[in-house]
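We count ligands from 1, going down the list as the structure has it; atoms in each ligand are counted the same way. Here the structure is a predicted model, which is why all the values come from computation and not from measurement.
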Amino acid sequence: MKGIVFNILEEMTEEQFGMQMWNEILDEATKSTGVFTAGKNYPDDNLFEIIGIASKKLNLPAETIVGAFGEYMFHRLNERHPVFIEKEPTLKSFLKSIESVIHVEVNKLYQDLNLPSFEYFDNSDDHLIMRYRSPRKLCILAEGLIRGASNHYAQRITLSHSTCMHKGDAYCDLEITFNHD
Ligand code: ZN
């Protein structure tokens, strides 16, 4: 997992709970030193450990933290790389550009990213299935990122996720319905 992910998690923790909380979490972490360079790779276990400690300290389910983190991460990544959003007029076209445009470009910027893969099923205007595959099984992070994008476009969505790797399925289906008033 790239250092930038840890940098953004630190920003979110400090913004919402103060620097003291981030320091306390790192004090308990045994797998990492707490120094993360944006472009360097760190073991995924470092991230999972930090989230586990945060979950205990904040008395929040790990899933809640990962989902909130995804939402926050969308906004931070968009600040750093606004071009991807600027090119896409709608939430749906943005989501459909993730695999073929964004991941391709981001892979040129950073090495060894091991990004998840998405397969799309687009059968009607107000519906989209994003089939998520990743050995990291961070589908809840993907959900958070999608919600962050939904906020950005002010496009309300309903997200369902009944096919999930955490339930033993081979992939996760993130089923998005675009709501219109
Ligand atoms: Zn899932």
Any side-chain to backbone donor/acceptor pair from [X] onto [Y]? Under 3.5 Å, distance only.
| X | Y | value |
| --- | --- | --- |
| S55 | I51 | no |
| E49 | T30 | yes |
| R136 | N114 | yes |

Partner residues of Y42 under the ring pair (Phe, Tyr, Trp, His ring centres under 6.0 Å) criterion, sequence neighbours left out: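 Expected list: F6, F36.
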N, O or S atoms of the protein lying under 2.8 Å from the Zn ion (ligand 1):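 You should have found C139 SG, H161 NE2, C164 SG, C172 SG.
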From CA spacing to verdict: side-chain contact (heavy atoms from CB on, under 4.5 Å), H127, D122: CA-CA 7 Å; H127 194 243; D122 180 5; over 6 Å; no
Distance-minimising heavy-atom pair for S97 and E88: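 Nearest heavy atoms, S97 then E88: CB-OE2, 3.7 Å.
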